[in-house]
Number of protein chains: 2
Amino acid sequence: MKVFFKNDSSVDFCPVRDVFDRIGDKWTVLVMITLDQGESPLRYHELQERIGDVSQKMLTATLKRLQEDGLISRQLYPEIPPRVEYTLTARGKSLLPHLYRLAEWASEHMRDVKKV
Amino acid sequence: MKVFFKNDSSVDFCPVRDVFDRIGDKWTVLVMITLDQGESPLRYHELQERIGDVSQKMLTATLKRLQEDGLISRQLYPEIPPRVEYTLTARGKSLLPHLYRLAEWASEHMRDVKKV
DNA sequence: CCGAATCCCATTGGATACTG
DNA sequence: CAGTATCCAATGGGATTCGG
């Protein structure tokens, strides 16, 4: 596989950087996996509860960006009080296996590394 | 696959978080892939040149932590001037396929997303 | 219930100068 | 050559308050 670097002046994109710039933050992957583990669409507050230690600000920001990237979809039911459900899109689902494999690798290799 | 959350009080580790905490920063994955693409061990300055836009401070810090995690090894040849060579360890190599798959996914799905 | 807006702190990371 | 050390700017992210 070809990898592009910054001094490769002919190209303006680098898949490796791109993907980690997008999902390498603190919450994005966790939200996606939480949605995947939920057997059905999850509401805002359900997500917050299941993740357990995410602030409203960060959950909102993460959801918004995931939606902009087409990885999740947001369904608003204009009731009183409002209800909002989040689901993974096809694109989002296509990313998940790779994330799980990384997590598997981590549980095999990071156990002794962690200690910090 | 089982995923652990923070409110899962019985466990103190979460593979998903662990791995992204470790490799989700700006340079770690890039260094590993650069080492992998080099057909032989790479010296400090070669790494800096190939990556192109990494500062000395960050390259040094990234290499040190990769070494602490057992993902790369550092060989010092005490000559004048000194020569240092970096290689991927077996554990480091075992992680690479997963990173490449993520990069592949990115080049298929992030092209149109990127635009920001 | 689902956020938006603001404030503030901690961490990341870049530029530069110096050392064995 | 291969780093250290220091200073500083930018970003990430938490706590709190407010709105529809």
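All chains are named by letter (A, B, ...) in the order of the sequence lines, taking the proteins before the strands, and each is independently numbered beginning at 1.
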Before giving the answer on side-chain contact (heavy atoms from CB on, under 4.5 Å), spell out for B:Gln75 and B:Thr87 the whole-Å C-alpha distance, their side-chain angles and the decisive distance to 0.1 Å. CA-CA 8 Å; B:Gln75 176 70 6; B:Thr87 347; 5.8 Å; no
Give me the bend of the helix from C:dC1-D:dG20 to C:dG20-D:dC1, using the axes of the five pairs at each end, rounded to 10°. 40°
Hey, which of these two, B:Asp25 or A:Arg83, hits DNA chain C nearer its 5' end, going by closest nucleotide? A:Arg83
Distance check, rounded to the nearest 0.5 Å: A:Asp36 atom CG versus A:Tyr100 atom OH? 3.5 Å
Start and end of the DNA chain C segment that chain B contacts, any atom under 4.0 Å from a heavy atom: C:dG13 to C:dG20
Could you tell me whether A:Lys26 and A:Asp53 have a side-chain N and a carboxylate O separated by less than 4.0 Å? no
Measure the spacing between CG of A:Leu99 and CD1 of A:Ile33 and express it to the nearest 0.5 Å. 5.5 Å
Could you tell me the separation between the CD1 atom of B:Ile51 and the CH2 atom of B:Trp27, rounded to the nearest 0.5 Å? 7.0 Å
So how far is it from B:Glu85 CD to B:Leu42 CG, rounded to the nearest 0.5 Å? 8.5 Å
Tell me whether B:Tyr86 contacts the main-chain N or O of B:Leu47 through its side chain, where contact means a donor paired with an acceptor under 3.5 Å. no
Counting only N and O atoms by type, is there a donor-acceptor contact under 3.5 Å from the side chain of A:Thr89 to the main-chain atoms of A:Leu71? yes
What's A:Tyr77 touching, base or sugar-phosphate or nothing? Going by heavy atoms closer than 4.0 Å. nothing
State whether the side chain of B:Thr28 and the backbone N or O of B:Gly24 hold a donor-acceptor pair below 3.5 Å, judged by distance alone. no
Using a 4.0 Å cut-off to any heavy atom of chain A, which nucleotides of DNA chain D are the first and last in contact, reading 5' to 3'? D:dG13 to D:dG20
Distance check, rounded to the nearest 0.5 Å: A:Leu95 atom CG versus B:Leu102 atom CG? 6.5 Å
With sequence neighbours left out, write down each residue that passes salt bridge (Lys or Arg N to Asp or Glu O under 4.0 Å) with A:Glu79, or none if nothing qualifies. A:Arg83
I'd like to check the side chain to side chain donor-acceptor pair (under 3.5 Å) partners of B:Ser94; sequence neighbours left out, ordered by chain and number. A:Trp105
Pair A:Lys64 + A:Asp69: basic N to acidic O under 4.0 Å: no
Residues of residues 54-61 of chain A with any non-hydrogen atom less than 4.0 angstrom from an atom of DNA chain D: list those, numerically ordered, please. A:Ser55, A:Lys57, A:Met58
